[in-house]
Each structure stands twice: as structure tokens, then as C-alpha cells.
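I have placed the structure first, in the form of C-alpha cells, so that the comments after it can refer back to it.
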Amino acid sequence: MLLNLHIKNLALIDELDIDFFKGLNILTGETGAGKSIIVGSIGIGLGGRFGRDLLRDKDKDGMVELIFSVDNDSIRNKLREIDVEAEDDTVIISRRVTGSRTVNRINDETVSVGKLREVSEILINLHAQHEQQTLLKESKHLDIIDASDQSIPALKEKVRTAFREYKDVKAKIDSLLLDEGERKKRQDFLKFQIDEISEASLKEGEDTQLEDLYRKIKASHDIAEIAGEVHSITGYEMEESAGNLLSRACAKIRELSKYDNSPEADSLMKSLSDVDGILNDFNKDISQYIESVEFEPGLLRETEDRLDKINTIKSKFGKTIADVQDTFESLKKEYEELVGFDEAYIELKENETKLFDELKEVSESLTKQRKKAAKVLSEKISTALESLNFSRIIFYADIKELPEYTENGHDSAVFMISTNVGEKEKPLTSVASGGELSRVMLAIKSVLADADDTPTLVFDEIDVGISGITAQKVAEMMRVLANDHQIISITHLPQIAAAADSHFLIEKSVDSGKTYTGIRHLNEEESIYELARILGGENITESVLSSAREMINAMQKS
């Protein structure tokens, strides 16, 4: 529900902070006090037009902020579907005019006005005379019918699935139905690509191995030179080579045995002999290594050519050899489909016919259920409207067949209404006034109270053109609706004001030569006094106060 509305620098408002409550929130005030500004501010917060021309002081920023509490799993899930999270069960929507631009935020994240409206539609339904809301969009009429029958969502899901399967097959057929010449050209091009990849005979990891070999061949001269120098230093060819010197040391230490047969001397001779053996083995190994880095003169060119071939293929068909292999399989599949066009086309057309029949069958089931639901809903709405001073009402949903199937079936719906005897029924949006639309919305909401989970409903001008018993019925219906929804409504009628769970007074004041609009939450006695003002005008007598008190007590007991 809407917890708080904060308005800053807008029209006659310098700054206002309004806390709303559960149940029926009623706003009253004298004509011209600024009631429309409050509702207009809510509309701005929900994505309505917000420009500098609306600001009280054009040199300062203007702001509207709405804080919603979200304690309903269904609403949380709907918000998550559009990537909005109710942090701590709260959603904060703010709009600020700053400089020459309007900044929109949801939970401190900047969003487009389209996103803001999308979120707003989940949290609140504002029905003011100039707001193009649910009843002013014929596209929403079918949604209202669907919401009235619990069996319809499952049927809609079946239709949605059947439609998507049918469209997938249609798309495949369309892709096959190329011009014969175009299909042949495509087939030849695919064959050329397949042959090009096939002739390359690529192997997984081949490019990496060849790149390593190429670097080794390019460096083979330097490698051989370094290894050769090491071989000379550690070998036996030169007098100063380590191997030669070590051999002389071994011969020399063996002379110790003539003079010393101790274990220590024997150990020294053995250790030096081991070193000589290790060096000799090393010398053989490095000699073999030098031979291994000696490459055939043409190998470098062969390696370069092969790498060029592989890289050319990768530049056309994928970043890696694995990617190229995937592309190869995909090209082969498309080629085979084109080669076997006739067979594939016949199979797809048969499947298309089968899926269309399935779509038609489930859509007809959905249409049948919708017409049944629309009849029941129309009767209930007509009954509700009769109690709201539409004594000669004709109301029904005109369901017609669309020229094509959609994922929502093949139905369109328009609410038709006639409010006067002898007047032909016309689409609701073309005949109803703002006040009539508000009462129709109230009737629909009361009928769909259990199915509609929109937390907050705002009604403006709901009491236009009514009085007496009709006003009493409107008030009673609003109280019933307020059991499941938060209701915020402006009224000029005492019968509706008396039904309030929370009563707010909007009033105008003058300070330092400037006019301000303010609002305050009334306590019980203040509410009685305001009701008396509505009943008796400026002449508030004890009798009028008593009548106001009785009216509130009677409504609270109803």
C-alpha cells in the first residue's frame, strides 16, 4: 500500500509530507483548496507529465516521492519479473525536476519513465478524470474478464504454448521458402564453405602445437649455438673443458690408493667418479638435444603455410578450432536441409497443419470460457452499477474474433454501455464521463475484489452527479472494497466522507502574501466538524454537528 506521499515545490505546495493508512482514506476540503493537486501529484509520481511549468518556484527543484510497502508474495513476484526488488518490503518511487531534465528513480536506481510506469501499474491504480487508466484502454478489457474466472489462466497457458510451437514451425517454413535461385546460390555457397573446412583437415590443438614448433624452428640457430657452447665447456675436446679436467682429476685421485686405503679416501674417489659419470651422461644428452633442434630446411616454410591456412579458416568460421568444428556441423545441417528441401517442406507443412488445429482447438476452448465468464461478470457489474444510480443500465462485454491467432487466443473484448433509455450501447470509453468511469471502475473492482491484487486504488470525482441514497451506496461499496485494498478518494459528499477509516482535510492558507495548500490528518472530533461543514456550509450549528456524528456512527456500524 501507499505509505507516504512527499511533495516539494509543486503548484501551491511548498512542501508536504502525507502518511496514508490501511482501509478507506478520504480527502475533503473546500472548492479550490487544492485537492486536485494532491491527486495530480500521485499521478506525476506514477509517470505523468512533470515539467518546470508545474513548479511553484521555477528557480528550485521540484520533487514527488511515493513510498510503498509490499507485504504480498504475488506483488513481490510481479516486481521481480521486471527486475525490481522490494528491499525490506519497501519500494520508493521518486521523480525530481532539476535543471532542464526530470530524473526518475526506483529504490535510488535511475530508471526510464516507461519502467516507472510499469512498476506503478503493479502497485497502484489511479483513476482520475484525465488519467488514461484501465477502463480507458480497450486492450485491458479482456484482462478484466480473464481475471474474473480462475479457470482461464490455465487455458491461456495452453494457448500460449500452442501458439509458440505453431509460430516456430511457421518460421522454419518461411526460412525454407526462398526463391529457387536464391536457394541454389545458398546451397552452392554452403558447399564451398563445407569443402573449405573439410579440406583443411583441422585437428583439435593442432594450432597450439604448430605455434610452439614455429617459435622453436625460428629460434633453432640460437638454441644450437647456446647448447653447442655448453657442450664444449662440459665436454672433453678442449684441454680446459670440464670433462677433460674432471678426467684428469679422477686419474690423479686414484693415486691416493698407493698411500691411503682408508674408507675416507675410497669415498672421495667414488664421489669424484660419480661426478665424472654424471657429467659424461649430461654431455651425451646435450649432444642429442643439439641434434633434435636441427630442422630440415623446408620445415619452417611448411609450418608457416599450415599456420596461415589454419588462421585463415579460423578468421572465417570461429575463434578456435572447436568453434570451427561447431560451424562445420551447422553448415552441414543447413546444407542437408536445403538438399532435402522437398522432404523437409512436406514434413513441416504437415506439422504446421497439426499444430494449427491444436492452436485452434485450445483457442476455441478459451473463447468459450471467456464468453461464459464475460456473461457472469457483466451481470454482476450491471447489478453493482444499478446500486450506484445507473438505474437504466445496459452493460456487457462484446467479445469478437481477431483476424489472426495470438498467444492470447483470437479474442478481443470491449465493454459496451448504455446509461439512458432508448440509447444504443456504445464502447465504454466513448460515452462515459469521468465520474461515470470512476463509478464503473468502482463496480468492477468490487466484483473482482478477490481476484484483483492491486494494493492501492485511487478514485477522483467518484461522486460526480450523485447524491442521497446513491451516495450512500457508493460509500458502502467503497468500505467493502477497502477490506482488501487501500482506497484513497477525494469527495465532496458527506455520505462518502462519513465512511472514512482515515480522514484528511486539504485546506488553503495565506502566509507573507503567498498562498499555500496544506493537508492534515483529522482526529475524530475534527472529522465530525469537517463533515458538519460539508453538510451545513459556514453555518455549523449543534444540530448539524449532531447529524454529522450520527452519520459517522451509522456508517461505521454498517
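Keep in mind it's a predicted model, so treat the numbers as computed, not measured.
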| field | Residues Lys170 and Asp168 bridged, charged N to O under 4.0 Å | value | no

Worksheet entry | Asn25 side-chain N/O to Asp501 backbone N/O, donor-acceptor pair under 3.5 Å | no

Review point. Counting only N and O atoms by type, is there a donor-acceptor contact under 3.5 Å from the side chain of Thr456 to the main-chain atoms of Leu2?
Key: yes

(message) Strictly distance-based, threshold 3.5 Å: is any side-chain N or O of Ser330 a donor or acceptor partner for the main-chain N or O of Asp326?
(response) no

Without swapping roles, check the side chain of Asp398 against the backbone of Val414 for a donor-acceptor pair under 3.5 Å. no

Q: Check for a donor-acceptor pair, side chain of His141 on one end and backbone N or O of Phe415 on the other, with a separation under 3.5 Å.
A: yes

Any Lys156 side-chain heavy atom under 4.5 Å of Asn408 side chain
yes

Rounded to the nearest 0.5 angstrom, the CG-CD distance for Leu331 and Glu196 is 10.5 Å

Counting N and O atoms only, with roles assigned by atom type, does the side chain of Arg479 sit under 3.5 Å from a partner on the main chain of Ala499, one being a donor and the other an acceptor? yes

Ring pair (Phe, Tyr, Trp, His ring centres under 6.0 Å) pairs touching residues 352-386, sequence neighbours excluded, are Tyr166-Phe356, Phe356-Tyr405

Q) Do the side chains of Lys8 and Val64 get nearer than 4.5 Å, heavy atoms only? A) no

**Message:** Contact between Arg370 and Ile152 at the side-chain level, heavy atoms closer than 4.5 Å - yes or no?
**Reply:** yes

Spell out, as yes or no, whether a donor-acceptor pair under 3.5 Å connects the side chain of Arg95 to the backbone of Gly48.
yes

Any donor-acceptor pair under 3.5 Å linking the side chain of Ser378 with the backbone of Ala397? yes

Is any side-chain heavy atom of Ser198 closer than 4.5 Å to one of Phe328?
yes

(Q) Regarding Lys172 and Glu352, does a basic nitrogen lie under 4.0 Å from an acidic carboxylate oxygen? (A) no

Measuring only between side-chain heavy atoms, which start at C-beta, is Leu66 closer than 4.5 Å to Asn4? no

*Taking side chain as C-beta onward, heavy atoms only, is Pro455 less than 4.5 Å from Ile75?*
yes

**Q.** Over 12 non-hydrogen atoms of neighbours within 6.0 angstrom of NZ in Lys158
**A.** no

| request: Output, in order, the C-alpha distance, side-chain angles, deciding distance and verdict of salt bridge (charged side-chain N to carboxylate O under 4.0 Å, His left out) for Lys333 and Glu329. | output: CA-CA 6 Å; Lys333 182 178 179 182; Glu329 294 302 323; over 6 Å; no

For the pair Thr327 (side chain) and Phe317 (backbone), establish whether a donor and an acceptor sit closer than 3.5 Å, ignoring hydrogens and angles.
yes

Discussion item. With a 4.0 Å cut-off on N to O distance, would you call Arg160 and Glu157 a salt bridge?
Written reply: yes

Tell me whether Ser418 contacts the main-chain N or O of Glu423 through its side chain, where contact means a donor paired with an acceptor under 3.5 Å. yes

